[in-house]
Amino acid sequence: MALAPSDTQRVILSTIARLMDRFPPDYWKGLEDRESYPEAFVAELEAQGFGGLLIPSEYGGAGGSLSDAALVLEEIHARGGNAQPFHGQFYLSFLVSRFASDAIRRKFLPDLAQGKLRMQSFALTEPDAGSDLARIATVAKRQGDRYRIQGHKVFISRVEQSDLMVLVARTAPLEEGAKRTEGLSLFLVDLREAKGIERTRIRTMFNSQTYELFLNDVEVPAENRIGEEGRGFEPLLHVLNPERILIASECIGDARWFIERSAEYAKQRVVFGRPIGATRGSSSPLRTRTPASSRPTSCDGTRPDSTRRMRMRRRSASMRTSRNTSRRSAPGRRRTWPWTSTAGTGWPGTCTSSGRCGRRGCTRWPPSRTISSSRTSRIRSSASRGRTESRGP
Ligand SMILES: Cc1cc2nc3c(=O)[nH]c(=O)nc-3n(C[C@H](O)[C@H](O)[C@H](O)COP(=O)(O)OP(=O)(O)OC[C@H]3O[C@@H](n4cnc5c(N)ncnc54)[C@H](O)[C@@H]3O)c2cc1C
């Protein structure tokens with residue numbers, strides 16, 4: 001499977017890169033301090049059509065794929081931003097464009113694609129039902145052409161900033177279904193007109209507009225149900241699975257951002273007369289983990305230069321090893337040292353290090369050795385007696 005970004009994706013990435021120049025770290029820090037929603041950033045992305053990235057082109061969207069969305073989110077985070085409002089909009093538009101009725105799609109998708117509406121809120125979690133979603137107790141009862149919803153939700157994000165919210169409720173009790181996941185239904189709630197929703201902001205450890213909701217007889221038109229009544233679990237998976245992929249992309253972007261900041265700091269911070277990056281303890285982990293800054297890690301198969309160098313070093317070491325091994329092995333015999341038993345580890349076991357080699361699966365004995373008194377006689381103190389030393393090759 002090709003992992004390099006397509007030409008279109010490269011254009012998307014460069015657009016995001018240019019856009020993020022207008023939303024520098026100070027912008028995000030200011031929001032964090034005020035715990036505010038990134039209104040200007042969201043408006044700008046909507047104006048550029050990113051709100052409709054996953055909406056099919058027949059409704060005016062870009063008809064993009066989940067990987068396009070993942071790239072956008074990763075790039076925003078890799079440049080110090082917080083794309084949460086968009087992960088909400090992406091997975092919910094993915095859901096609505098696949099499972100909502102034609103009427104609902106025609107009613108909402110074009111405005112969502114044009115950035116006239118926001119659908120960034122999803123209400124599933126309850127005080128007694130998080131991971132175990134089948135235990136939700138919010139109930140939706142049908143009365144003619146409407147449903148009346150009663151319940152309590154917690155940790156529901158962007159309720160105040162969104163026009164539309166997708167809500168999960170039970171239309172049949174848990175005990176009645178043959179499976180625990182039966183009896184769940186999904187509803188599109190138009191927050192601009194819904195009555196009976198009481199909300200309280202929950203303080204979170206990072207800047208997230210998250211709320212506790214009490215739903216007191218909230219009326220929703222029956223046509224706003226997404227999917228069949230009582231069979232909402234399948235469409236729900238089309239929210240939860242993309243959600244995980246999209247949030248993981250944001251995390252990869254965060255990792256790129258933090259590693260780059262750490263690498264910069266390690267170059268600038270001088271301790272004992274040299275930058276801390278010059279010490280092995282700081283430089284090795286950063287060098288091996290720093291991706292090439294201009295490349296997205298999730299789709300570009302190219303490894304960072306330092307990693308490539310390390311792999312080449314390892315390869316040449318293993319070639320040296322196999323040469324040594326072959327000299328000692330009779331033709332056709334298994335090429336392992338007698339002291340490397342790696343059965344079951346999947347590693348052929350060609351360790352030639354004179355001390356602990358550090359490779360997983362290397363069972364060379366002894367893995368470490370006691371410092372001999374002759375080598376340490378000059379430096380040995382009573383505190384170091386009995387210590388062991390590991391040596392590289
Ligand atoms: C900032 C923020 C924003 C959020 N926004 C939303 C939102 O917009 N909409 C929404 O519906 N929810 C939202 N949530 C809620 C979030 O999705 C839930 O926290 C999540 O589903 C986990 O539920 P829980 O907190 O009840 O954890 P629990 O279900 O109580 O689980 C606690 C821990 O146990 C682990 N665990 C549980 N069962 C198992 C098992 N069988 N094996 C191994 N580990 C297990 C879980 O992984 C978790 O780490 C938000 C949460 C936060 C913090």
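Note that ligands are numbered from 1 as they come in the structure, with each ligand's atoms numbered from 1 the same way. Position 1 is the first residue of the sequence, and the numbers go up from there.
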When Thr171 is tested against each of Arg231, Glu229, Arg225 for side-chain contact (heavy atoms from CB on, under 4.5 Å), which residue passes?
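Of the listed residues Arg231, Glu229, Arg225, the side-chain contact (heavy atoms from CB on, under 4.5 Å) partner of Thr171 is Glu229.
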Between Trp257 and Gly80, what is the shortest heavy-atom contact and its length?
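Taking every non-hydrogen atom into account, CE3-N, 3.4 Å.
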Is there side-chain contact between [X] and [Y], with at least one heavy-atom pair below 4.5 Å?
X: Ile12; Y: Phe50; result: yes
X: Phe41; Y: Met20; result: yes
X: Val220; Y: Leu167; result: no
X: Gln143; Y: Glu219; result: no
X: Tyr147; Y: Val189; result: no
X: Tyr91; Y: Leu54; result: no

Can a side-chain donor-acceptor contact be found between Thr138 and Glu126 if the only test is distance below 3.5 angstrom?
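Glu126 vs Thr138: donor-acceptor pair found between side chains.
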Within the 3.5 Å criterion, strictly below it, is a donor on Gln209 or Asn207 matched to an acceptor on the partner's side chain?
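There is such a pair between these side chains.
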Return the closest protein heavy atom for [atom] as residue, atom name and distance.
atom: atom 8 (O) of ligand 1; value: Ser157 N, 3.0 Å
atom: atom 1 (C) of ligand 1; value: Phe206 CE2, 3.7 Å
atom: atom 46 (C) of ligand 1; value: Ser131 OG, 3.8 Å
atom: atom 52 (C) of ligand 1; value: Phe155 CD2, 3.9 Å

For ligand 1, which atoms have a heavy atom of Ile156 less than 4.0 angstrom away?
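The atoms of ligand 1 under 4.0 Å from a heavy atom of Ile156 are 7 (C), 8 (O), 9 (N), 10 (C), 11 (O).
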Could you tell me, atom by atom, which parts of ligand 1 come under 4.0 Å of a heavy atom of Gly130?
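Heavy-atom distances to Gly130 below 4.0 Å select 21 (O), 23 (O), 24 (P), 26 (O), 29 (O).
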Any idea which of Asp128, Ile202, Thr210 brings a heavy atom closest to atom 2 (C) of ligand 1?
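The option holding the nearest heavy atom is Thr210.
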Pairs of nitrogen or oxygen atoms closer than 3.5 Å, one from [X] and one from ligand 1: do any exist?
X: Leu124; result: yes
X: Thr125; result: yes
X: Phe122; result: yes
X: Thr204; result: no

Protein heavy atoms: any of them under 4.0 Å from [atom]?
atom: atom 4 (C) of ligand 1; result: yes
atom: atom 44 (N) of ligand 1; result: no
atom: atom 13 (C) of ligand 1; result: yes
atom: atom 49 (O) of ligand 1; result: no
atom: atom 35 (C) of ligand 1; result: no
atom: atom 38 (N) of ligand 1; result: no
atom: atom 41 (N) of ligand 1; result: no
atom: atom 31 (O) of ligand 1; result: yes

Do the rings of Phe86 and Phe90 sit parallel, tilted or perpendicular, given the 30° and 60° boundaries?
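Phe86 vs Phe90 ring planes: tilted.
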Cation-pi geometry met for Arg274 and Phe272 (6.0 Å, 45°):
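Arg274 over Phe272 ring: no.
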